[in-house]
Amino acid sequence: MTLTKNNIADAIQEGLGIHRRHSIEIVEILLEIIKRNLESGEDVLVSGFGKFCVRDKKPRLGRNPATGDSMMLDGRKVVTFKCSSVLRDRVNQMAE
Amino acid sequence: MNKLELIATLKNEANISKAEAAEVVQIFFDSMTEALARGERVEIRGLCSFFIKEYKSYTGRNPKTGEKVLIQPKKLPFFKCGKELKERVDYKDKMDEA
């Protein structure tokens with residue numbers, strides 16, 4: 001089973017007692033806010049879940065795996081996730 | 001941005017009450033937490049996906065004392081950035097270089 005946007009929209013529809021179309025719209029707005037923030041380089045910290053961080057990767061020397069030629073890879077920005085201890089404990093709880 | 005700022009922004013942009021916005025944010029992250037706790041995958045198209053990675057037990061070292069310690073097997077959510085988010089976050093730098 002995979003949890004998707006649809007499942008979350010279902011839960012919000014039920015939780016708030018609103019129309020399906022409206023819950024999908026709200027989820028899309030929420031996602032857009034998160035993405036827009038990360039795009040601007042700002043971290044998103046959700047206590048109890050984790051922190052979405054934007055990190056700068058330095059340019060580095062890489063290789064073309066097909067030809068073996070070395071080449072300069074540009075610096076780039078990536079998003080990383082730091083799991084909160086609450087989430088980590090919840091994930092490991094079930095194992096016992 | 002933290003959870004409170006996320007709720008306040010959602011309230012304004014979705015034209016809902018603060019209580020509703022807080023509930024939406026709570027349901028959103030709780031749903032993901034519950035799915036991961038059940039060992040399920042999470043896939044939010046455009047944002048990210050998570051799956052549970054199982055780590056075997058291994059002998060590690062306390063970096064301070066150098067002492068050997070046995071690390072118990074553990075599970076951790078593994079984050080993969082979605083395509084849209086990845087491209088949007090890296091976009092501006094590419095433009096500067098061009």
Side-chain angles (χ1 to χ4, degrees), chain A residues 1-5 7-12 14-16 18 22-23 25-52 54-57 74-84 86-95, chain B residues 1-7 9-10 13-16 19-21 23-52 54 72-82 84-94 97:
Chain A
M1 268 298 284
T2 302
L3 181 87
T4 63
K5 234 181 328 197
N7 305 124
I8 295 174
D10 286 342
I12 289 168
E14 210 170 295
L16 269 68
I18 53 174
H22 195 195
S23 76
E25 188 195 324
I26 293 172
V27 171
E28 290 298 343
I29 294 170
L30 175 62
L31 291 174
E32 183 52 34
I33 295 167
I34 297 172
K35 286 185 273 194
R36 194 205 307 142
N37 252 269
L38 293 167
E39 187 179 357
S40 74
E42 204 191 327
D43 295 348
V44 177
L45 171 68
V46 184
S47 54
F49 188 75
K51 187 177 177 187
F52 299 88
V54 181
R55 302 199 56 153
D56 269 307
K57 291 278 197 181
D74 295 339
R76 60 197 172 105
K77 278 186 183 165
V78 294
V79 180
T80 60
F81 177 74
K82 178 91 174 65
C83 180
S84 95
V86 179
L87 176 59
R88 198 179 56 216
D89 290 347
R90 286 285 285 118
V91 165
N92 283 285
Q93 222 169 38
M94 302 303 251
Chain B
M1 168 178 256
N2 59 30
K3 210 197 269 184
L4 285 174
E5 292 165 324
L6 191 59
I7 290 166
T9 312
L10 180 66
E13 293 188 18
N15 286 313
I16 51 179
E20 284 172 324
E23 200 180 345
V24 166
V25 170
Q26 199 61 45
I27 292 172
F28 184 78
F29 290 104
D30 279 354
S31 303
M32 295 204 277
T33 301
E34 294 310 314
L36 291 170
R38 291 191 299 266
E40 291 173 8
R41 260 175 61 86
V42 172
E43 190 177 323
I44 311 297
R45 208 39 73 82
L47 184 75
C48 65
S49 62
F50 291 97
F51 68 92
I52 297 296
E54 298 202 27
Q72 296 298 323
K74 62 183 170 189
K75 294 180 189 175
L76 283 177
F78 186 85
F79 168 85
K80 191 164 182 281
C81 185
E84 187 203 338
L85 178 61
K86 195 171 164 180
E87 288 170 357
R88 283 176 63 173
V89 165
D90 201 34
Y91 183 73
K92 288 189 189 104
D93 280 5
K94 288 272 181 328
E97 282 155 21

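All values reported here derive from a predicted model rather than from experimental measurement. Throughout, protein chains are lettered first and strands after them, A, B, ... in sequence-line order, and every chain is numbered starting at 1.
Between Phe78(B) and Phe51(B), the ring-plane angle classifies as tilted under the 30° and 60° cut-offs.
Residue contact with chain B, scored on non-hydrogen atoms closer than 4.5 Å, involves the side chain of Val54(A) exclusively. For Leu36(B), the parts lying under 4.5 angstrom from a heavy atom of chain A are both the backbone and the side chain. Only the backbone of Asp43(A) comes within less than 4.5 Å of a heavy atom in chain B; its side chain stays farther off. Only the backbone of Thr80(A) comes within less than 4.5 Å of a heavy atom of chain B; no side-chain atom from C-beta onward does. Proximity to chain A is absent for every atom of Leu4(B), based on heavy atoms less than 4.5 angstrom apart. For chain A, no part of Gln26(B) is nearby; none of its heavy atoms comes within less than 4.5 Å.
Here Gly15(A) is the residue among Ser23(A), Gly48(A), Gly15(A), Gly50(A) with the most heavy-atom pairs under 4.5 Å with chain B. Among Ile18(A), Val27(A), Leu87(A), the residue with the largest count of heavy-atom pairs under 4.5 Å with chain B is Leu87(A). For the options Met32(B), Lys80(B), Lys74(B), heavy-atom pairs under 4.5 Å to chain A are most numerous at Met32(B). The residue among Ile26(A), Leu38(A), Ile33(A), Ile34(A) with the most heavy atom pairs within less than 4.5 Å of chain B is Ile33(A). Contacts with chain A were tallied for Glu54(B), Arg45(B), Glu23(B), Lys86(B); Glu23(B) has the most, counting heavy-atom pairs under 4.5 Å. The residue among Leu31(A), Asn7(A), Val86(A), Val78(A) with the most heavy atom pairs within less than 4.5 Å of chain B is Leu31(A).
Judged purely by distance below 3.5 Å, without hydrogens or angles, the side chains of Asn37(A) and Ser40(A) never pair a donor atom with an acceptor atom.
Note that CD of Glu25(A) and CD1 of Ile16(B) are 9.5 Å apart. Values are rounded to the nearest 0.5 Å. Expressed to the nearest 0.5 Å, how far CZ of Phe50(B) lies from OG1 of Thr33(B) amounts to 9.0 Å.
Residues Leu3(A) and Ile8(A) meet the side-chain proximity criterion, which asks for heavy atoms closer than 4.5 Å.
Of the possible donor and acceptor atoms, none in the side chain of Glu14(A) sits under 3.5 Å from a partner among the backbone N and O of Ala11(A).
We find that Lys35(A) and Glu39(A) are not joined by a salt bridge, their nearest charged nitrogen and carboxylate oxygen being 4.0 Å or further apart.
For the salt bridge (Lys or Arg N to Asp or Glu O under 4.0 Å) test, residues two or more places apart in sequence or in another chain that qualify with Glu13(B) are Arg36(A).
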